[in-house]
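Counting begins at 1 with the first residue of the sequence. Counting starts at 1 for both ligands and their atoms, following the listed order.
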Amino acid sequence: MPFSLLIALFLAFGTDSPANLGPIPRSELAPKLREILLGVALVASVAGALGRWVAFRASQRGKPSPGLRRLHAWGARGLEGLTLAVYGWMIHDVGWPWVVHSGWGFRGAILIDEMLILLPFLLMQLAGWWGLYPAERALRIRGDVGLGRHLALKARGSLGMVLPVVLLFAAGQDLAHRLWPKAAESLWALPVGLIVMGGLVLVLSPIFVRLAWPTHPLPPGPLRHRLERLARRFGFRCTDILVWDTGHGVVNAGVTGALPWFRYVLLSDALVDCLDDHQIAAVFGHEIGHIAHRHLPYFGFFFLGSLGVMALVFWAIDVSPLAGSSTALRDDPAVTMLLHGGTTLATVGLYFLVVFGFVSRKFERQADVFGCRAVSCGRAGCPPHLDPNGASGDVPATAALCPVGIRTFANALANVATLNGMEHGRRSWRHGSIARRIAFLEGLEGQPDAERRFQRGVARLRLVLALGLIAAALVAWSNDSFPHLR
Ligand SMILES: [Zn+2]
Ligand SMILES: [Zn+2]
C-alpha cells in the first residue's frame with residue numbers, strides 16, 4: 001500500500017488549509033509558483049544525489065552488500081518523508097490550494113481542482129523515482145528495466161491502488177450530500193460511510209490490483225496444475241492465478257478480494273522463476289491461509305472497531321490540561337495546533353504500531369503454518385514423503401504437519417528473503433524476522449499439541465481484541481466522544 005500518497009491526500013484534503021482567504025493578489029501568483037518549483041527541484045536533487053551515490057558504491061564493490069541495501073531503503077524512506085514535509089509546506093505555508101482555487105478560478109470544478117492540488121506531490125514523487133533509478137538498477141535481483149518502464153511501473157503501483165478508492169470516496173460523499181443532506185451531516189455519517197467504503201474496498205480490491213500492477217494469468221502447465229490441485233484440496237476458490245510482472249524486481253506473493261468468485265492470487269515473476277514448484281506451492285498455501293482464517297475481514301473489522309478507541313483518544317486529548325492551559329506560548333494558535341496534532345498523531349501512531357503490528361505478526365504465523373500444511377503429507381515420521389499436491393496425491397486437507405512439509409515452507413521463506421536482499425535476522429514490523437518465523441515453524445515439528453496451543457492462542461487474541469474494541473466503542477458512545485473525531 002502506498003502510504004505516502006495516503007498521507008499526502010490527508011495533508012491536502014483532510015486538514016484545514018488556507019483555501020478560503022478570498023481572491024489572491026495577481027502579484028503573488030508568480031512567487032508562489034516559483035516556491036512550488038523550488039520544492040520539486042529540492043526533492044529531485046536530493047533523490048538524484050542519493051541514487052547516484054548508492055549506484056557508485058555498488059559498482060565499487062562489484063556486488064551490493066546488505067548494508068548498502070539497508071542504507072538505500074532508509075534513504076528512500078527519508079526521501080518520502082522529505083517529499084511529504086515539502087508538500088505539507090506547499091499546502092500550508094505557500095497556500096497552494098488557495099492558488100488553485102482563487103488564482104485560477106477552479107473552485108467547485110469537479111475533481112480538476114483536487115488533481116491540481118495533488119499535482120506538486122505527484123511531480124515530487126516522479127522526481128524521487130527518477131533520481132533513485134540508478135540505485136535501484138544497481139541493486140536489482142536480476143534483469144534490467146529501462147527508465148520509462150521503471151517510472152511507469154512505480155506510478156501505476158502508487159496511483160492505481162489509491163486513486164480509484166479516492167474517486168469512489170469523493171463520488172460517494174457528493175452523492176450522499178445530494179440524496180440525504182440531513183443524514184450526511186449526522187454523527188453516524190462517518191462510521192456508516194467508512195463501513196460502506198471498507199466493504200466496497202474489500203470486495204473491489206481485485207480491480208484496483210489489476211489497475212495498479214501489470215499481470216498476466218499463470219500459463220497452463222505443471223505448476224498451474226499443482227496449485228489448482230492444492231486449491232481444490234482446501235476448497236479454496238479464486239478467479240485466477242496471476243503472474244505479477246515486476247521486471248524481476250520483486251520476489252513476493254499476495255491474495256486480494258474477500259469474495260470467492262472475485263479474487264486473485266498474485267505470484268511475482270521473480271518468485272515463479274527462482275523458486276521450485278514445491279516451494280511456490282508452499283507460498284501459495286500461505287496466501288490461502290490468509291483467506292481460510294478470514295484475516296482480511298478481521299482487519300476490516302479491526303480498523304472500523306478502532307474508531308471507538310480513536311474517539312476516546314481524541315476526547316482525552318481535547319479535555320487534557322494541554323488543551324486547556326493558556327500560557328503565553330500556548331495562546332499562539334500555531335503552537336496549539338502543532339501540539340494538538342503532534343500528540344494525536346503520536347498516540348494514534350503508537351496504537352497502530354503496537355496493536356496492529358502484534359495482530360499482523362500473529363496472522364502471518366498462522367498463514368505460515370497453513371503454508372506448511374499445504375505441502376505436508378500428514379506422516380509425522382516422513383521421509384518417505386508423499387507429494388500431497390502431485391498427480392497421485394490423496395492427502396486430506398486436515399492432515400498433520402510433516403517434517404518435509406515444514407522444511408519446504410521454511411526453505412521457501414529463506415529463499416524469498418535472500419533473493420530480496422533481506423537479512424534473516426532483521427525484524428519486520430508486520431511479519432517478524434525470517435529467522436524467528438523459521439524457528440517457530442521448526443518448533444512445531446512432531447508437536448501437534450504445540451500447534452493446537454498456538455491456534456487456540458490466536459483465536460483467543462481475536463476474541464479478546466474484538467470484545468475490547470466493542471467495549472471501547474460503547475464507552476465512546478456513552479460519553480459522547482465520537483464528535484471529537486471531527
Ligand atoms: Zn502473509
Ligand atoms: Zn511428509
Side-chain angles (χ1 to χ4, degrees), residues 1 205 209 226 229-230 233-234 236 238 244 250-258 263-268 271 275-300 302 356-390 392-417 420 422 427-434 436-438 440-442 444-448 451 454 458 462:
M1 218 30 192
S205 57
V209 165
R226 173 171 294 277
R229 268 194 299 269
L230 164 59
R233 223 155 52 82
F234 286 92
F236 169 82
C238 66
W244 170 24
V250 178
V251 182
N252 208 346
V255 63
T256 168
R263 170 190 293 153
Y264 296 110
V265 178
L266 284 99
L267 307 168
S268 82
L271 180 98
L275 265 56
D276 73 35
D277 285 8
H278 297 277
Q279 292 180 4
I280 297 172
V283 172
F284 190 77
H286 172 102
E287 303 306 331
I288 297 184
H290 280 305
I291 296 293
H293 290 296
R294 297 197 172 77
H295 290 162
L296 268 64
Y298 192 85
F299 277 138
F302 171 78
F356 179 70
F358 185 73
V359 177
S360 184
R361 287 193 297 273
K362 282 278 181 240
F363 281 6
E364 284 308 321
R365 288 209 168 165
Q366 210 174 22
D368 285 350
V369 172
F370 208 99
C372 292
R373 172 160 297 114
V375 289
S376 281
C377 66
R379 303 177 191 176
C382 90
H385 172 76
L386 178 74
D387 182 358
N389 307 302
S392 59
D394 191 21
V395 177
T398 49
L401 303 183
C402 79
V404 172
I406 292 178
R407 196 80 300 246
T408 306
F409 184 84
N411 286 342
L413 213 55
N415 277 339
V416 169
N420 280 324
M422 280 157 56
R427 299 181 61 172
S428 139
W429 167 56
R430 274 194 50 217
H431 292 84
S433 85
I434 295 286
R436 284 177 70 174
R437 280 167 81 180
I438 291 177
F440 168 75
L441 295 171
E442 282 171 342
L444 297 180
E445 196 180 312
Q447 308 281 337
E451 196 215 323
F454 165 74
V458 177
R462 286 168 82 133

Could you tell me whether any N, O or S atom belonging to Asp368 is less than 2.8 Å from the Zn ion (ligand 1)?
no
Would you say the side-chain atoms of Asn415 and Gln279 include a donor-acceptor pair closer than 3.5 Å?
yes
Within the side chain of Arg437, is there an N or O that forms a donor-acceptor pair under 3.5 Å with the backbone of Asp368?
no
Could you tell me which N, O or S atom of His286 is nearest to the Zn ion (ligand 1)?
NE2
Scan residues 398-408 for pairs that pass salt bridge (Lys or Arg N to Asp or Glu O under 4.0 Å), counting only residues two or more places apart or in two chains.
Arg407-Glu442
If the plane angle is over 60° it's perpendicular, under 30° parallel, otherwise tilted; pick one for Phe409 and His286.
parallel
Is Val255 close to Leu266 at the side-chain level, that is, under 4.5 Å between some pair of heavy atoms?
no
Distance-only, no hydrogens or angles: does the Ser376 side chain make a donor-acceptor pair with backbone N or O of Cys402 under 3.5 Å?
yes
Closest N/O/S atom of His290 to the Zn ion (ligand 1), by atom name?
NE2
Residue-atom pairs from the protein, N, O or S only, that lie under 2.8 Å from the Zn ion (ligand 2)
Cys377 SG, Cys382 SG, His385 ND1, Cys402 SG
Identity of the N, O or S atom of Glu364 lying closest to the Zn ion (ligand 1)
OE1
Cation-pi geometry met for Arg365 and Phe454 (6.0 Å, 45°):
no
Among side-chain atoms of His290 and Gln366, is any donor-acceptor pair under 3.5 angstrom?
no
